[in-house]
Amino acid sequence: MAIDIARASNLVNKTPVDLAPVQAYEDNYKSNFKIDPFTIQLAQKLEYLANLDRLMAQNSRISVRNAGLDFRKTESFFISTVGSRIYQTIVHSGVGIGLGISKSRRERFVRSFPQNGGQYESKGYELLDEFDFASAIPRLAEEAIALSTAPDCPAVNANVVLESSVVGLVIHELIGHPLELDRVFGSERNFSGTSFATTDQLGKLQYAAPIVSLVSDTTHPYGLGSLGYDDEGVRANKVDLIENGVLTGYLSSRETAARIGRASSGAMRADGWGNMPLVRMTNTNLLPGDKTLDELLAAAGDGIYMSTISSWSPSDDRSSFEFGCEIAWEIKDGKLGQIYKNPTFSGRTVEFWNSVAAIGNDGTFRVWGTPNCGKGQPGQNARTGQGTCPILVTNIKVGRA
Amino acid sequence: MITEKILDIFKGAIKNSPADQTELVCESEEFYLTRFAENLIHQNMGRSDSTIWCRAIFGKKAGVARSNDATKEGVAELLKIAGDVARNGNDDPGFQSLIRSDKAQKSQGFYKTTFDYPAASRAGDVAAIIDRAKAASLTCAGTYQTSATALCVANSLGTEQFDKTSEYRFSLTAVAPGGRSGWSQAAGRDIEQFDFLTAAQRALDKAAYPGEAVQLQSGTYNVILEPDAVANFLLLTAFLGFGGKTLHQGRSFMSEKIGQAIMASGITITEDPFHPAMQFMPFDYEGVSRRKITLVENGIAREGVYDSYYAVLAGKTSTGNALAPDNNYGPYPKAMVIAPGNSSADELIKSTPSGIYVTRFWYLNYINPMKTMVTGYTRDGTFLIEDGKITKPIVDMRVQQSMLEAFSNVELVSSEQRLIPQYGTLMLVPFLKINNFNLSAT
């Protein structure tokens, strides 16, 4: 059957495909985890969730409660005519809660933790110990209640500080996706779209402010996009995407990399045995700056602080966008003030990234996991990481949903 | 792909099950897809796989497990896991029982010609489209897929269902040298009835439309939505309001509004799985026969769709709209039809002194679900209408619109309908003329 399908492709395709070279590897890669979550009894996991639910139920005004755990172990074997034989075992863990208050039947205010949909990392059951739910839940409950009487976010241009998980999804949508080289060349033209970051701008486009640098890093120890090898047998590595604000690289496969005369970035991934690999994000990591969160707020002066993504909508070429968040605070003289509900921010991608005025330091860095990145036809799901810090962006358009 | 013989494995497992009630479901798909871009085939594939779900019930505790092992041993292991999940879980006070269903009517939606359509024929069809595109100096990207799906449901109350459907789906984006694009898609059960060149030509014509795209100001416009754009809105609207879960929880825009006007009087929406254009799988994932349900009639909210769980809670009977056992969305309509109107698509345009023609939307996402408010973009064929004629292409715009408000502002409905596939649903929808639609410059 596979041969019939390949011969059918030749009815249209007449030119041989060039592939960037790859070394042959024999390896057995195992991702970083201390406690295999599949050794934990189901009853213990369910009790963990029941305890989170009890904590959320302590505030009687909270009428919406959800808690989730997610564990995945993937074993794969890659063998190629290049000579590689690669066995990989990768464990992912995820945990998260959402709680909310219904003001009326059709007005609901929700807060999530650690981020909307939970936090996923390339770790074992030990991930659950990293989050202090007992402290977070009372605060989140009070925020949800406060949102129910809060004013809408004003529709203005403002200095905005974005909490780091928000920056994670902004990187994912506005840097990761547009730098997928198959997308740049048009492979996703009929579905996910194209990219404004075309190859003629490589090394030239001032994509972001000079303080912004990003790498694609499959070697990160805990990112959801951490791998030993991609699904073409390319070894994990670190590739510059944006250096000092300038576009310097792409996420690529052997075929797409060959078209720009480079080595593959090792980003070719399938979501299982039944689908063909596509160029996908791995860990798209922002290099930290030098500010604490308090210093970012102080640098904003008067502005708005937004936390926890709730909605996202980028244009098909990723040149413009609108994001919504669960909550915002007024920043007054560098300090947090009143809460705003239904905050959004929107704009044009290159203008937005060139408006980054300050970036959080090492202490604010975390690789946020996105377990549900969709791409391709048939649809494939990828798990990606975004290493981020909070950032200050000046004079961007904010509004209300 | 599985055959009806899997029922024997299911019945054996159910007979030996220690659970109070047991349900086994298998969905099996054989899927072929030719994907092309830059006027080349870049992804050509076939895939055959099955998903098996087991739901085990102990008292009011339910456990669900899923695998792709359809062997006798695999099903027995799955049942053991589902039982462990149930025993360790909490009681669900809302759960009453699984449901027994009589044999459903036979599917009319399986065509062997679709199932057997060879890879060389798909590639040949794609080659013909690419030749047309090249002749018009256009570049093509698209998909051409054929598939067959078998669904089997059995439970310990005696439900035994098995049937299969076939489907083809086609989509095309044609791109002009300057980057402007046109889109079309099509779907159906019988590939022998599919005129792929006519479907393709719609996209080619849009991409080749002369003139430079003009930028419009943000504002409210009268719009003509093509069926693709209508389906984009209908799917997201249905998620918020037509399912029994949202109705039971009072989150639906139809909650407490049954019998009241919620949309324009020209809008009638049904779940119509046996419509000749649909020929949907005749039963749902609980084995309950599907049936026609009127969701909105002449703008008046009528009723939602239910699975057995939410039917009990609402004091109704299941409408055959259960999703797979491990879903948490609740019941959902998968074969919606917006009834046709009396005007041709051309008449909708001719009746518009000033407006915008929208081919489809992109990346619609809820920005305020409680207000049915979505945001997204127009894409792949957006044009200015002046004095009742399409006059020039326009730069795509951002949508920020309450969907319910849009369905309330429908002025005209076309007589022509198209079958639009989205995710696991099919929608048969017309063109709509909608007034006061919010669009902004990007």
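Below, chain A is the first sequence line, B the second, and so on; all start at residue 1.
No side-chain heavy atom of A:Ser315 sits less than 4.5 Å from a side-chain heavy atom of B:Arg398. Between A:Phe191 and B:Thr143, every side-chain heavy-atom pair lies at or beyond the 4.5 Å cut-off. Taking 4.5 Å as the limit, some side-chain heavy atom of B:Ser181 sits within range of a side-chain heavy atom of A:Arg189. At least one side-chain heavy atom of A:Trp273 sits under 4.5 Å from a side-chain heavy atom of B:Asp49. Taking the side chain as every heavy atom from C-beta outward, B:Arg35 and A:Ser187 never approach each other to under 4.5 Å.
Surrounding NZ of B:Lys80 are at most 12 heavy atoms belonging to other residues, nucleotides or ligands under 6.0 Å away.
Taking CD from A:Glu107 and CG from B:Asn368, the interatomic distance works out to 8.0 Å, rounded to the nearest 0.5 Å.
Side chain of A:Ser313 to backbone of B:Leu364: no donor-acceptor contact under 3.5 angstrom is found. Proximity of a side-chain donor or acceptor of B:Gln43 to a complementary backbone N or O of A:Gln377 within less than 3.5 Å is detected. Side-chain N or O atoms of A:Asn13 include none that pairs as donor or acceptor with a backbone N or O of B:Leu40 at under 3.5 Å.
Among the candidates B:Asn44, B:Val175, B:Asn39, the residue making the largest number of heavy-atom pairs closer than 4.5 Å to chain A is B:Asn44. Highest contact tally toward chain B, considering only A:Gly324, A:Ala43, A:Ser320, is held by A:Ser320 [criterion: heavy-atom pairs under 4.5 Å].
The salt bridge (charged side-chain N to carboxylate O under 4.0 Å, His left out) search around A:Arg111 returns A:Glu143, A:Glu326, not counting sequence neighbours.
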Item to complete: Go through A:Glu322 and B:Tyr363 one step at a time and tell me if the side chain to side chain contact (heavy atoms under 4.5 Å, CB included) criterion holds.
Response: CA-CA 11 Å; A:Glu322 179 166 326; B:Tyr363 225 118; over 6 Å; no
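Residues of residues 341-351 of chain A lying under 4.5 angstrom from chain B, judged on non-hydrogen atoms, are A:Asn342, A:Thr344, A:Arg348 by number.
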